[in-house]
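A short worksheet on the structure shown next.
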Amino acid sequence: MRLSRYFLPLLKETPSDATVASHRYMLRAGMIRQNSAGIYTWLPLGHKVLKKIEQIVREEQNKAGAIEMLMPTIQSADLWKETGRYDAYGPEMLRITDRHEREMLYGPTNEDMITDVFRSFVRSYKDLPKMLYHIQWKFRDERRPRFGVMRGREFLMKDTYSFDLTEADAVKSYNKMFTAYLNTFARLGIKAVPMKADTGPIGGDLSHEFVILAESGESEVFCHRDLVEMAPPGDVDFDGDLSHIFEERTALYAATEEMHDAEEFAKIPADKQLSARGIEVGHIFYFGDKYSGPMKATVMDSDGKPQTAMMGSYGIGVSRLVGGIIEASHDENGIIWPKSVTPFGAGVLNLKPGHEESDKVSEEIYNKLAAAGIDPLLDDEKGSIGVKFSRMDLIGLPFQIAVGPRGLKEGSVEVKDRATGEKQNMSPDEAVTLVIKAYA
RNA sequence: CGGGGCGUAGCGCAGCCUGGUAGCGCACCUGUUUUGGGAACAGGGGGUCGCAAGUUCGAAUCUUGCCGCCCCGACCA
């Protein structure tokens, strides 16, 4: 993409109502625009990142054996009345009446609806286990939306639902998602720690939150330091036994504020105790027959007897992750994107558009990177050099290749690593190779 | 939902106390000169001062009501 043809409405000054780094930078970098409290337009740059995160989440779900589908945003109140949640959910749920005075709602989650799908089509234990998911916009009328997309009212969420014949089988599904989540967050370039969690209004008894540590986190979390640096499981056989992965990650203490046990925490060696602020980016639950029971979602077992399906649900806040990743990865100049989610793979800065050699070399680098699938952004705008560099720093692409007359006299361009700030001069071809290798 | 604050050009703000021609910086448009880390000069465009009612000869400014937004707390997948 050429900057001159792109739509990148940057803000030079920080909007006064943004107080956390990710919110400030998302506004300044032209990623989002607020429409009303907790509701945002995703501008091209933000949309690109959102879609990249979504795709990684999708790929890891598929690897784990979950099957993608799509349920509507607007739901009928009927299903929610069946499970009793229509009254239980409270004012957080946006209720709508259609022209026929039918009670509708904008879905804050989809347990009720997926259970209805399940009971309509699944009859036999032979069809189990099943894990179904979708990535869809949700609406929760938060009392106090804040921190930009991290606590919005409208948000994009991946939610998976598992169905098993027995509780023991359901635990296997739980472990699959537990494992998939570890891999997902690692691919996104963030360190998310699974922590014992409260189950909240969705209910159930087995639940973990995946939390990234950041100053601006909304809640206090406590864990063993070693959990933060633990390597992801990587390629595993999702049909095999994953319990060791779960055991390994839950052997060490980790809990959110609500579940915190100060006595247990005190048993951790002092230098390994970590108490910090955290951002919840994923939450997994096992809740058995909480919905399948009242909705009579049963299958025939091998004895021909109806058995209620045992369920779990597994959420990842896709839009929240955009903010969460920035919270975990930025400096005073702007965002520092992990390579896996960066909106563009590299920035090519033509420091002097109109200068024949600069034009030629920057175009060549741009074309070679594009051909290699790097998806570069070429800054071909006229304007001062300082503006170009600071703009690139703000939007946070992992690499910047600066092409200008001064360097070209020596036959070199300058490559800057956004994360380390390290700059080196090299030939245009070496620069291209360096970037391509970094993404290989 | 309790407490606090804010609403004036796209963004950041001043003006309000003490009523009298709506301002500044940045951004934007035109031109000239510049150009290796947020250039200079000259000219220009852009506003129902959140909305409504009231007081007044006259309201951005005073009064009342409403709406919107932000922060702290409580709450929260």
Side-chain angles (χ1 to χ4, degrees), chain A residues 9-20 23-24 27-28 30 33-40 85 88-93 107-111 136 138-148 150-153 155-161 197-204 207-211 216 218-219 256-258 279-285 287 312-321 333-334 349-355 358 379 381-394 400-410 412-414 416 421 423 425:
Chain A
L10 303 182
L11 303 180
K12 187 159 184 178
E13 279 164 286
T14 302
S16 56
D17 47 12
T19 53
V20 297
H23 191 196
R24 279 201 310 270
L27 290 166
R28 287 199 49 209
R33 173 178 168 78
Q34 180 172 324
N35 295 98
S36 61
I39 301 179
Y40 293 86
R85 293 172 98 195
Y89 217 94
E92 231 183 47
M93 183 156 72
T109 178
N110 287 69
E111 282 84 1
Q136 178 63 291
K138 307 286 191 291
F139 193 92
R140 293 184 192 174
D141 200 354
E142 297 281 348
R143 280 193 200 138
R144 191 183 153 210
R146 61 186 129 167
F147 305 147
M150 289 201 295
R151 182 162 290 280
R153 294 197 291 170
F155 58 98
L156 186 63
M157 177 173 169
K158 184 285 301 175
D159 38 326
T160 306
Y161 303 94
D198 192 16
T199 50
I202 286 184
S207 172
H208 287 84
E209 276 182 26
F210 287 75
V211 174
S216 56
E218 284 195 84
S219 55
T256 60
E257 208 166 1
E258 308 83 59
I279 301 167
E280 177 194 352
V281 289
H283 201 155
I284 60 180
F285 299 88
F287 47 71
S313 83
Y314 315 87
I316 290 181
V318 176
S319 50
R320 172 181 288 183
L321 271 166
N333 297 319
L349 292 78
N350 184 350
L351 298 181
K352 190 160 185 171
H355 177 266
S358 297
D379 182 350
E381 299 264 35
K382 291 202 164 74
S384 88
I385 282 95
V387 171
K388 286 169 175 282
F389 281 115
S390 54
R391 178 163 56 203
M392 238 4 131
D393 283 348
L394 174 63
Q400 301 172 9
I401 303 176
V403 181
R406 187 183 291 180
L408 289 175
K409 265 185 220 163
E410 325 285 322
S412 74
V413 297
E414 183 188 272
K416 175 172 158 184
K423 299 170 192 167
N425 293 313

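Please read all numbers here as calculations on a predicted model, not as lab measurements. Chain naming here is simple, since letters A, B, ... match the order of the sequence lines and numbering starts at 1 in each. These values consider heavy atoms only, across backbone and side chains, with no hydrogens, waters or symmetry-generated copies.
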| Identified pairing partner of G2(B), criterion: Watson-Crick or G-U wobble below 3.5 Å | C72(B)
| task | Would you mind classifying the nucleic acid contact of Thr19(A) as base, sugar-phosphate or nothing, using non-hydrogen atoms under 4.0 angstrom? | result | sugar-phosphate
| query | Considering heavy-atom distances to RNA chain B, does Gly148(A) or Gly152(A) have its closest nucleotide positioned more toward the 5' end? | reply | Gly148(A)
| For G46(B), the Watson-Crick or wobble partner whose two distances fall under 3.5 Å | none
| Does U34(B) pair with anything, Watson-Crick or G-U wobble, both distances under 3.5 Å, and if so, with which nucleotide? | none
| task | Could you list the residues that satisfy side chain to side chain contact (heavy atoms under 4.5 Å, CB included) with Arg406(A), not counting sequence neighbours? | result | none
| said: Centre-to-centre under 6.0 Å for His283(A) and Phe285(A), is that the case here? | reply: yes
| message | My understanding is that a pair needs two contacts under 3.5 Å, Watson-Crick or G-U wobble. By that rule, which nucleotide pairs with C11(B)? | response | G25(B)
| request: May I ask you to say what Glu209(A) touches in the nucleic acid, namely base, sugar-phosphate or nothing, with a heavy-atom cut-off under 4.0 Å? | output: nothing
| said: Going by the rule side chain to side chain contact (heavy atoms under 4.5 Å, CB included), which residues pair with Lys138(A) if we only count those two or more places apart in sequence or in a different chain? | reply: Asn110(A), His134(A), Gln136(A), Phe155(A), Met157(A), Asp159(A)
| said: Looking at Arg146(A) and C70(B), is any side-chain donor or acceptor paired with a base atom of the opposite kind under 3.5 Å? | reply: no
| task | For Asp393(A), report the nucleic acid contact type (base, sugar-phosphate, nothing); a contact means any heavy atom under 4.0 Å. | result | base
| said: Base, sugar-phosphate or nothing for Tyr314(A)? Non-hydrogen atoms, less than 4.0 Å. | reply: nothing
| said: I want to confirm an ordering. Mapping Arg406(A) and Glu142(A) to their closest nucleotides on RNA chain B, which one lands closer to the 5' end? | reply: Arg406(A)
| said: Classify Ser36(A) by what it touches in the nucleic acid, base, sugar-phosphate, or nothing, heavy-atom distance under 4.0 Å. | reply: sugar-phosphate
| remark: Heavy atoms of Ser358(A) and Val403(A) approach each other most closely as O-CG1, 3.8 Å
| task | Report the base-pairing partner of A60(B) (Watson-Crick or G-U wobble, both distances below 3.5 angstrom), or none. | result | none
| With sequence neighbours left out, what residues match Leu10(A) under side chain to side chain contact (heavy atoms under 4.5 Å, CB included)? | Leu8(A), Arg391(A), Leu394(A), Ile395(A)
| query | If the P atom of A39(B) is compared with that of C1(B), how far apart are they to the nearest Å? | reply | 48 Å
| message | Just to be sure I understand the rule, does Gly407(A) reach a base, reach only the sugar-phosphate, or reach nothing, if contact means heavy atoms closer than 4.0 Å? | response | base
| field | Atom-pair distance (CD1 on Ile385(A); C1' on U34(B)), nearest Å | value | 10 Å
| request: Applying side chain to side chain donor-acceptor pair (under 3.5 Å), name anything that partners Arg151(A), two or more places apart in sequence or on another chain. | output: Glu142(A), Glu218(A)
| message | Is there a side-chain contact between Phe210(A) and Ile284(A) in this structure, where contact means two heavy atoms from C-beta onward sitting under 4.5 Å apart? | response | yes
| request: Could you tell me whether the side chain of Arg28(A) has a donor or acceptor atom within less than 3.5 Å of a complementary atom in the base of G38(B)? | output: yes
| request: Could you list the residues that satisfy side chain to side chain contact (heavy atoms under 4.5 Å, CB included) with Glu13(A), not counting sequence neighbours? | output: none
Any N/O pairs under 3.5 Å between the protein and nucleotides 25-33 of chain B? List them or say none.
unit_1	atom_1	unit_2	atom_2	d
G25(B)	N2	Glu13(A)	OE1	2.7

| Contact class for Gly404(A) vs. all strands (heavy atom < 4.0 Å): base, sugar-phosphate, or nothing? | base
| request: Determine the contact category for Lys423(A): base if any of its heavy atoms lies under 4.0 Å from a base atom, sugar-phosphate if only primed atoms, P, OP1 or OP2 are that close, otherwise nothing. | output: base
